[in-house]
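To find a chain, count down the sequence lines: A is the first, B the second, and so on, and within it residues start at 1.
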Amino acid sequence: MEEEILRQRLWRIRQIEALGFKPYGHRFDFTHTIPEIWQRYGDAPASELGPDVRVRICGRVHTIRRMGKAGFAHLLQGGQKLQIYVRKDSVSEREFTLYQKLLDLGDIIGVDGYLFRTKTGELTVHVSQLDFLAKTLLNMPEKWHGLEDIETRYRQRYLDLIANPDVREVFIKRSRIIASLRRQLEARGFVEVETPMMQPIYGGAAARPFVTHHNALDLDLYLRIAPELYLKRLVVGGMDRVYEINRNFRNEGISSQHNPEFTMLEFYQAYTDYRGLMDLSCELLAQTAIDATGSPVVTYQGHQLDFSRIRRLSLREAIIEYWPGSPKPTWEQLADPRWLSQHATADTPGAALVELFERVTEDKLIQPTIIYDYPVETSPLAKSKEDEPDFVERFEIYAGGMEIANAYTELNDPLEQRRRFEAQLERRARGDEEAHQMDEDYLRAMCYGLPPTAGEGIGIDRLVMLLTNSRSIRDVILFPLLRPEPEIGLAAKLRALEEELAATRP
RNA sequence: GAGCCCGUAGCUCAGCAGGUAGAGCACCGGCCUUUUAAGCCGGGUGUCCUGGGUUCGAAUCCCAGCGGGCUCACCA
């Protein structure tokens with residue numbers, strides 16, 4: 001079938017050329033995009049349309065209804081469709097032959113004509129001239145079920161975008177979300193920067209990295225797991241408000257909330273602390289929700305998430321509040337290493353607390369919630385609380401049961417940082433692959449003085465999930481990582497058919 | 001990494017107590033000058049994911065592999 005289709009289409013290309021058209025055109029100067037036509041003329045009554053309202057538009061043939069000496073088609077462009085009407089006595093003979101005999105669903109054409117309304121009232125272009133712009137060689141997905149097969153949707157996202165209008169909307173919203181965040185940060189004096197993706201020492205998070213190699217320097221490099229340590233070097237250099245929106249790479253499992261490469265907004269603001277960033281986060285998230293959806297209240301998987309009223313509670317309060325059954329643990333028990341070791345497997349009291357939090361609380365945090373004050377053991381780059389040195393000034397934001405942000409007052413004491421790094425090295429020596437490495441170059445930067453600073457990372461993909469009501473991270477990443485397809489075999493097929501066709505003189 | 005589920009035409013899917021591979025759309029030929037899931041007449045175009053096995057006979061049953069999905073683990 002596929003081979004037969006290809007043969008037909010290649011044969012048609014030859015016929016298209018014989019009529020004096022180019023099967024793959026160069027340029028088409030249009031007067032309106034299809035969305036612009038709808039915006040300008042969507043409400044225009046028939047009396048305001050007619051031969052005087054001339055337009056040139058282009059798009060992909062989405063449906064086609066041919067009658068003997070006339071026909072209708074819908075062109076698709078910019079996610080919207082517009083009908084065209086082609087009559088034998090309104091176009092040249094070669095144009096009508098092209099329309100009637102050589103046009104396939106999916107071909108890209110341009111038309112010149114005037115706007116009118118059909119007897120059912122549909123806005124339509126009455127075509128007077130028809131240009132051919134690109135031939136499709138393969139069958140398009142079916143027109144009303146769309147493309148359902150998840151694997152094909154991810155592997156051939158272009159088909160997904162053509163066939164499923166909702167998908168296009170998700171990625172347009174994604175773009176709007178990122179633009180909104182940029183706009184808001186710029187308005188507050190933040191400067192966008194780009195720091196290395198390839199790093200000799202990876203840091204800023206606890207994760208396993210991807211390794212690559214630079215040949216000329218004969219140097220192993222890591223794809224970054226976070227930009228944190230570079231962004232803070234910039235704060236040392238006097239860039240008091242910096243941010244970066246870019247990819248991080250973590251060599252971990254894949255799930256509906258994890259892709260090996262994912263997009264993170266990370267920003268640093270000097271002279272504030274985590275309380276300041278809590279306030280900033282609330283403003284950013286509420287405005288981003290408004291810019292993406294028109295409202296700070298968004299529907300996510302049947303829940304109404306309100307980004308204008310973000311609750312704040314400490315990690316320990318959250319454990320107590322969400323503890324299943326009773327009696328709930330007391331504040332004293334959460335401070336008791338023996339009680340903690342009886343209720344968790346982690347090897348330190350702080351790690352046990354985090355473990356309990358993740359077990360009893362994380363997936364219950366549906367409404368946007370700030371969780372603050374984390375144990376020092378799990379936060380080697382965060383500043384300790386003045387009155388409670390076993391905890392650090394750190395918060396995370398949860399929504400829809402997912403972690404979407406992580407922030408803290410930055411540890412800016414190089415002597416304390418050295419001790420934290422060394423504690424991490426010990427964990428590493430005990431086999432914790434995700435413990436931080438010593439980064440002396442960063443330590444040196446700190447020795448020149450990092451001002452009091454707070455920094456935050458927001459997982460863009462997860463935020464987009466929340467604001468587009470997407471259940472899987474793969475639905476908000478255009479090309480999620482998949483195993484490669486074994487063999488497509490298209491090149492050989494095309495070569496054979498071209499040779500076959502060359503052997504047949506027209 | 002483990003468990004469960006799925007893989008049939010270009011697309012969406014049926015067929016699976018083992019007995020000649022099906023439907024709609026798409027596609028091919030014909031008719032049709034306001035159609036719109038256009039319509040009417042005629043045509044099935046396939047590595048039933050791959051490789052083994054059981055059987056007289058496998059899309060169907062068994063085993064292995066490949067690809068995907070979900071759950072769990074991992075993701076401080």
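Contact annotation for F357(A): no contact, since no heavy-atom pair falls under 4.0 Å across all strands. Within 4.0 Å (heavy atoms only), L482(A) reaches sugar-phosphate atoms of the nucleic acid but no base atom. Within 4.0 Å of L138(A), counting heavy atoms only, lies no atom of the nucleic acid at all. Heavy atoms of D89(A) sit under 4.0 angstrom from at least one base atom. R208(A) comes within 4.0 angstrom of nothing in the nucleic acid, heavy atoms only. T63(A) comes within 4.0 angstrom of nothing in the nucleic acid, heavy atoms only. Within 4.0 Å (heavy atoms only), Q83(A) reaches at least one base atom of the nucleic acid. Across all strands, R155(A) comes closer than 4.0 Å only to sugar-phosphate atoms, never to a base (heavy-atom distances).
Taking only distance into account, the side chain of E485(A) never meets the base of G67(B) through a donor-acceptor pair shorter than 3.5 Å. Residue E3(A) places no side-chain atom within donor-acceptor reach of the base of U45(B), judged by atom type and a 3.5 Å distance cut-off alone.
Taking the nucleotide of RNA chain B with the nearest heavy atom to each of D104(A) and R117(A), the more 5' of the two is matched to D104(A). Nearest-nucleotide positions on RNA chain B for K69(A) and G146(A) put G146(A) closer to the 5' end.
The pairing partner recorded for A2(B) is U71(B), the criterion being a Watson-Crick or G-U wobble arrangement whose two distances lie under 3.5 angstrom. With both pairing distances under 3.5 Å, U54(B) is matched to nothing as a Watson-Crick or G-U wobble pair. The partner of G42(B), taking Watson-Crick or G-U wobble pairs whose two distances both stay under 3.5 Å, is C28(B). The base-pairing partner of U47(B), taking Watson-Crick or G-U wobble contacts with both distances under 3.5 Å, does not exist among the strands shown. U12(B) is paired with A23(B) under the Watson-Crick or G-U wobble criterion, all donor-acceptor distances under 3.5 Å.
The side chain of E434(A) has A76(B) as its nearest neighbour among U35(B), A76(B), U71(B). Closest to the side chain of E142(A), out of G69(B), C11(B), C32(B), is C11(B). When each of C74(B), C32(B), G69(B) is scored by its nearest atom to the side-chain atoms of Q100(A), the top-ranked nucleotide is C32(B). Considering only the side chain of P141(A), C11(B) comes nearest among C27(B), C32(B), C11(B). When the nucleotides A76(B), U12(B), U34(B) are ranked by their closest atom to the side chain of T118(A), U34(B) comes out on top. Side chain of L105(A), nearest nucleotide from U33(B), C27(B), U12(B): C27(B). Distance from the side chain of A206(A) is smallest to A76(B) among C28(B), U71(B), A76(B). Distances were taken from every side-chain heavy atom of E122(A) (C-beta onward) to each of U35(B), A76(B), C27(B); the shortest belongs to U35(B). Distance from the side chain of K101(A) is smallest to G30(B) among C27(B), C25(B), G30(B).
On the P atoms, G42(B) is 24 Å away from U34(B), given to the nearest whole Å. Taking the P atom of each, G43(B) and C4(B) are spaced 47 Å apart, rounded to whole Å. Nucleotides U55(B) and G18(B) are separated by 9 Å at their C1' atoms, to the nearest Å. Annotation: G44(B) and G29(B) have their P atoms spaced 15 Å apart (nearest Å). Taking atom C1' on both G15(B) and U20(B), the two are 14 Å apart, rounded to the nearest angstrom. Separating the C1' atom of G67(B) from that of C74(B) is a span of 23 Å, rounded to the nearest Å. Here the separation of A9(B) from A26(B), taken at their C1' atoms, is 10 Å to the nearest Å. To the nearest whole angstrom, the two P atoms, one in C49(B) and one in A58(B), are 15 Å apart.
By the neighbour-count criterion of 12 heavy atoms within 6.0 Å, atom CZ of R65(A) is densely surrounded, having more than that number from other residues, nucleotides or ligands. Taking a 6.0 Å sphere around NZ of K385(A), one finds it holds more than 12 heavy atoms contributed by other residues, nucleotides or ligands.
Rounded to whole Å, the distance from CZ on R474(A) to P on C70(B) is 5 Å. Remark: C1' of G68(B) and CD1 of I254(A) are 12 Å apart, rounded to the nearest angstrom. Between the CD atom of E148(A) and the C1' atom of G10(B) there is a distance of 15 Å, rounded to whole Å. D107(A) places its CG atom 14 Å from the C1' atom of C27(B), with the value rounded to the nearest Å. The CD-C1' distance, from Q257(A) to A73(B), rounds to 14 Å in whole Å. Going from atom CD1 of I150(A) over to atom P of G7(B) covers 14 Å, rounded to whole Å. The CD-C1' distance, from E151(A) to U8(B), rounds to 15 Å in whole Å. The distance from atom NZ of K119(A) to atom C1' of A38(B) is 12 Å, rounded to the nearest whole Å.
Contact check, R483(A) against G67(B): a side-chain N or O comes under 4.0 Å of OP1 or OP2. Between R153(A) and G68(B) there is no side-chain N or O to OP1 or OP2 distance below 4.0 Å. Of the side-chain N and O atoms in R65(A), one or more sit less than 4.0 angstrom from OP1 or OP2 of A38(B).
Between H126(A) and Y114(A), the angle of the ring planes stays under 30°, which puts this pair in the parallel group of the 30/60° scheme. Using cut-offs of 30° and 60° on the angle between ring planes, the pair F72(A) and Y85(A) is parallel. Between Y372(A) and Y274(A), the angle of the ring planes goes over 60°, which puts this pair in the perpendicular group of the 30/60° scheme. The aromatic rings of Y99(A) and F96(A) sit tilted, their planes meeting at an angle between 30° and 60°.
A distance of 8.5 Å separates SG of C58(A) from CZ of R56(A), quoted to the nearest 0.5 Å.
Taking the ring centroids of Y398(A) and F357(A), they lie under the 6.0 Å cut-off.
Salt-bridge check for E410(A) with K232(A): passed, with a basic side-chain N closer than 4.0 Å to an acidic carboxylate O.
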